[in-house]
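Okay, so here's the structure we're looking at.
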Amino acid sequence: MEAATVTRRRGGGRGRARLVPLLFLAPALIFLVVWVIYPTIWTIGRSFFDRDGGTFVWFDNYQEIFTTDTLLTAIRNNVIWVAVVPALVTAIGLIFAVLTERVRWSTAFKTAVFMPMAISLFAAGVIWRIMDEKDPAQGTVNAVIKVFDDAFGGGGAVTAAQSSTPQLTGSISSGFVLRTPLRAGDTAVLGLTAIPPDEIPRDAPDAQQPSAEAGAITGTVWRDFKPGGGRPGVVEPGEQGIGGATLELRDNGGGVVATTSSEPDGSFAFDDVGSGQFRVAIASSTFTTPFEGVSWLGEKLITPAVMIAYIWVWAGFAMVIIAAGLSAISREVLEAARTDGATEWQVFRRVTVPMLAPVLSVVFITMIINVLKVFDIILSVAPQSSQDDANVIALAMWRTSFGGVNDFGLGSAIAVFLFLLVIPVLALNIRRFKREEG
Amino acid sequence: MSASGEAAGGAVAVRPRARAAHPESRAARIGRLVARGPLNILLIVIAVLWLVPTLGLLFTSLLPASEITTSGWWKVVGQPSIATFENYSALFDNRDIMDALWTTVQIAVGNTVLLVIVASLAGYAFAWLDFPGRDWLFVVVIGLLVVPLQVALIPIFSLYNDTGLFDTVLGLVLFHVAFGLPFGIFLMRNFFAGIPRDILESARIDGASEARIFVRLILPLGLPAIASLAIFQFLWTWNDLIVALTFGRDTQPLTVAIFSQTRQFGSNIDLIAPASFLSLAIPLVVFLAFQRYFVQGMLAGSVK
């Protein structure tokens, strides 16, 4: 060891021995006293004075915290945050840590999940603001939902249509009904217009004038339009049929007695309709209203949206800490459990989780502290219009003190309130330290 | 990412164990791989899910002006030919953003260097020097670990206004050092305490001064912990928003500069997207290069 070669002797009295530690500590003590301890005491004092600092108002500022709507929203949101996020982050971290232990590329996986930890919560917020855009053409989350909605959402391919004659009434949301009642042997011509051009296949066959059949009601549903216009209500060459439309046969009371769907050329038939009068309708299920996008950043969903972004950032932290704890668990214990015939689930539930309990609680408590202080990510994910709905205590403190209101009395009270919330954890840390140091 | 337990004397003591090598037949191994197919697929899906948001920001920043306000990032993936760096060249010509980048660098580097020095000195005192009230004082430091910086914003705001530190890089640096100190002292003290007593004792017997021991012995041995602390503090201050927002007006780091743009989010996404990516690219590189130290520091002090 290099310093062992140092042989120069130095004298030093008792006074010197006292001075040396002080020299080492002085810079840190100055920083802590001037920037942390003194301001904390000052803030506690300031919280009992009014906005200008001139009048002592006892607990009025604290009372205001619990009677102002936006501040109550902030507290309520913080309660939701604490109830949901630390548990989810810990659970996700545990699952990831256990699963990734079983694959060869665990390092790559951990890096991918851990990477957001390097990104500022503010930048992470910007990322998720782009992800959460409402328009499915821009927002990734809504784009993915749209893919599933298009694939499995049911409904037809036609998103907009109007009837071509007054004979047919209704809209795409209620369906279209032919006014004239029909009997067996009659025909129905159901013309639609104003259909977006690309929603009928280019090679769809031309519609044909329906021919009457004994005992049946036949008809055609078609696009009553061709380049140049055409005559409304008349099936003409060049006008395409609408295939796959759902047709309903309704009785006088409006009840549906039969349904069928149209051929590619738009023709359809209800066979053996029996006696009586019926009405023919194009069912609303023929049409689909396009997916408009979920309003993630609107006032209702903003808190869950910010939470998702936050979990995305912190899951990696939980995973890495838990994985380190996991690697410290004795392999023999796990193997012994398996040899005794325990299933993987039993090993996880009865051995792994109990042995990880200290690590899990550290992650959980750390996350509670982090969640109580959540600030930047809300500013960057939530648009101005929904920031009141996404408010949390740390943000409320800043907005009250510096965001235009500039009420240092109330702001101090909110800061102290936040401080009080972390005191249990502070005490827990000190107790744990004392136990460890014995 | 093998987390060595050396630096961990603190909240979570973790010691990785070498796994016993299991000799395995080829058939058994193939069987195992097949059985784990679904698990592999699941984990690949999760990893992709975790990467998509960041990559999405990158691809968005490469969209040309005509597409950026109307299209999603996948347009670039489907049509790589439309990708363009014009948003970035506009960004590098943007005086405000470049000034902000320089401010960020000054704050992050300045306060990291200062914090490492101050925290190491104090950490050594707590670990190896005897003085009255040492344990009591260290308990105070641990207590300060969780103090939310919100409690200091208002008084320091007034103090800075009175002393001229408001809206200066120095003011921001000093505030960050103070709030980084509890964690820094905690980390350094626990690491230094793990240095074998014999080494120190023999140096003392040889007559080396405490200053000499600190510089020649403790700092070199403490390098892993210093690296952890430096990376933490660098990332923490590079990514800070609230402190700079409170104590600066014209002294704007990147986060604040981008934040002032997000007030009219949408039309200026061609500035926000590349600027955000720039602001995260640098810490990301630092993080990937020094991941090991980052993880060590996190394991040693996951109470911050």
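Lettering of chains follows the sequences in order, A, B, ..., and the numbering in each one begins at 1. From a predicted model like this one, the values you see are computed outputs, not experimental measurements.
- Neither the backbone nor the side chain of Leu254(B) has a heavy atom closer than 4.5 Å to any heavy atom of chain A.
- Of the two parts of Phe419(A), the backbone and the side chain both hold a non-hydrogen atom closer than 4.5 Å to a non-hydrogen atom of chain B.
- Heavy atoms of Pro136(A) lying under 4.5 Å from chain B belong exclusively to its backbone.
- Summarising the geometry of Trp74(B) relative to Ala143(A), their closest heavy-atom pair is CH2-CB, 3.5 Å, with the distance given to 0.1 Å.
- Annotation: maximal heavy-atom pairing with chain A below 4.5 Å, among Ser120(B), Ala273(B), Gly56(B), Ala122(B), occurs at Ala122(B).
- For chain B, the nearby parts of Ser412(A) are the backbone and the side chain; heavy atoms of each come within less than 4.5 Å.
- In this structure, Gln138(A) CD and Leu63(B) CG are separated by 9.0 Å, a value rounded to the nearest 0.5 Å.
- Between Ala125(B) and Leu25(A) the shortest heavy-atom distance is CB-CG, 3.8 Å.
- Among Val103(A), Thr140(A), Thr40(A), the residue with the largest count of heavy-atom pairs under 4.5 Å with chain B is Thr140(A).
- For chain A, the option among Leu174(B), Leu159(B), Val141(B), Leu51(B) with the highest count of heavy-atom pairs below 4.5 Å is Leu174(B).
- Counting heavy atoms from C-beta outward, Leu288(B) and Thr111(A) have side chains that approach closer than 4.5 Å.
- Of the listed residues (Leu235(B), Ile46(B), Ile231(B), Ile185(B)), the greatest number of heavy-atom pairs within a distance under 4.5 Å of chain A belongs to Ile46(B).
- Here the closest non-hydrogen pair linking Ala178(B) and Val36(A) is O-CG2, 4.0 Å.
- Taking 4.5 Å as the limit, every side-chain heavy atom of Leu22(A) sits out of range of all side-chain heavy atoms of Phe131(B).
- Shortest non-hydrogen contact noted between Leu43(B) and Phe109(A) is O-CE1, 3.3 Å.
- Both the backbone and the side chain of Pro27(A) come within contact range of chain B, each with at least one heavy atom under 4.5 Å from a heavy atom of that chain.
- If you tally non-hydrogen atom pairs under 4.5 Å between each of Tyr38(A), Phe375(A), Trp128(A) and chain B, the highest count goes to Phe375(A).
- Proximity of Leu145(B) to Ile369(A): side-chain heavy atoms (C-beta onward) are nowhere separated by under 4.5 Å.
- When all heavy atoms of Gly411(A) and Ile154(B) are compared, the pair lying nearest together is C-CD1, 3.9 Å.
- Atom OG of Ser158(B) and atom CZ of Arg46(A) lie 8.0 Å apart (nearest 0.5 Å).
- Among Val422(A), Val113(A), Ile130(A), the residue making the largest number of heavy-atom pairs under 4.5 Å with chain B is Val113(A).
- Taking CZ of Phe179(B) as the start and CG of Leu32(A) as the end, the distance is 9.0 Å to the nearest 0.5 Å.
- Comparing Leu379(A), Leu29(A), Ile44(A), Asp135(A) by heavy-atom pairs within less than 4.5 Å of chain B, the highest count is held by Leu379(A).
- Proximity to chain B is absent for every atom of Ile368(A), based on heavy atoms less than 4.5 angstrom apart.
- Chosen from Ile117(B), Leu57(B), Ile142(B), the residue pairing most often with chain A at heavy-atom distances under 4.5 Å is Ile142(B).
- Between Met131(A) and Val52(B) the shortest heavy-atom distance is CE-CG1, 4.4 Å.
- Put simply, the side chain of Ile127(A) reaches to within 4.5 Å of the side chain of Leu280(B), judged on heavy atoms.
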Determine, stepwise, if the pair Gln150(B) / Ile414(A) fulfils side chain to side chain contact (heavy atoms under 4.5 Å, CB included).
-> CA-CA 9 Å; Gln150(B) 273 81 3; Ile414(A) 302 173; over 6 Å; no
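- A distance-only check finds no donor-acceptor pair linking the side chain of Thr262(B) to the backbone of Ser380(A) [under 3.5 Å].
- Looking only at heavy-atom pairs under 4.5 Å with chain A, the residue among Trp128(B), Phe277(B), Phe138(B) that has the most is Phe138(B).
- Rounded to the nearest 0.5 Å, atoms CG (Leu241(B)) and CD1 (Ile377(A)) are 11.5 Å apart.
- Of the two parts of Ile282(B), neither the backbone nor the side chain holds a non-hydrogen atom closer than 4.5 Å to a non-hydrogen atom of chain A.
- Listed options Ile258(B), Val118(B), Asn239(B) were ranked by heavy-atom pairs under 4.5 angstrom with chain A; first place goes to Asn239(B).
- Under the 30°/60° scheme for interplanar angles, the aromatic rings of Tyr160(B) and Trp35(A) are found to stand perpendicular.
- For the atom pair Asp376(A) CG and Thr255(B) OG1, the distance stands at 8.0 Å (nearest 0.5 Å).
- Residue contact with chain B, scored on non-hydrogen atoms closer than 4.5 Å, involves the backbone and the side chain of Met115(A) alike.
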Leu23(A) and Glu210(B): CA distance, side-chain angles, deciding distance, side chain to side chain contact (heavy atoms under 4.5 Å, CB included) verdict | CA-CA 11 Å; Leu23(A) 287 176; Glu210(B) 295 297 343; over 6 Å; no
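- Both the backbone and the side chain of Leu121(B) have a heavy atom closer than 4.5 Å to some heavy atom of chain A.
- Atom-to-atom distance recorded for Thr60(B):OG1 and Glu133(A):CD is 9.5 Å, nearest 0.5 angstrom.
- Between Trp312(A) and Thr54(B) there is a side-chain heavy-atom pair separated by less than 4.5 Å.
- At a 4.5 Å heavy-atom cutoff, the contact between Ala394(A) and chain B is made by backbone and side-chain atoms alike.
- Using a 4.5 Å cut-off between heavy atoms, Tyr124(B) contacts chain A through its side chain alone, with no backbone atom that close.
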Please walk me through it: do Leu144(B) and Ile37(A) pass side chain to side chain contact (heavy atoms under 4.5 Å, CB included)?
-> CA-CA 9 Å; Leu144(B) 294 181; Ile37(A) 295 170; 4.3 Å; yes
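- In this structure, Trp238(B) and Ser120(A) have side chains that are not in contact, with every pair of non-hydrogen atoms separated by 4.5 Å or more.
- In this structure the side chain of Leu99(A) reaches within 4.5 angstrom of the side chain of Leu39(B), judged on heavy atoms.
- By the 4.5 Å heavy-atom criterion applied to side chains, Trp105(A) and Asn40(B) are counted as neighbours.
- In this structure, the ring of Phe96(A) has its center less than 6.0 angstrom from the ring center of Trp50(B).
- Aromatic ring pairs are classed by plane angle as parallel below 30°, tilted from 30° to 60° and perpendicular above 60°; the pair Phe408(A) and Phe157(B) is perpendicular.
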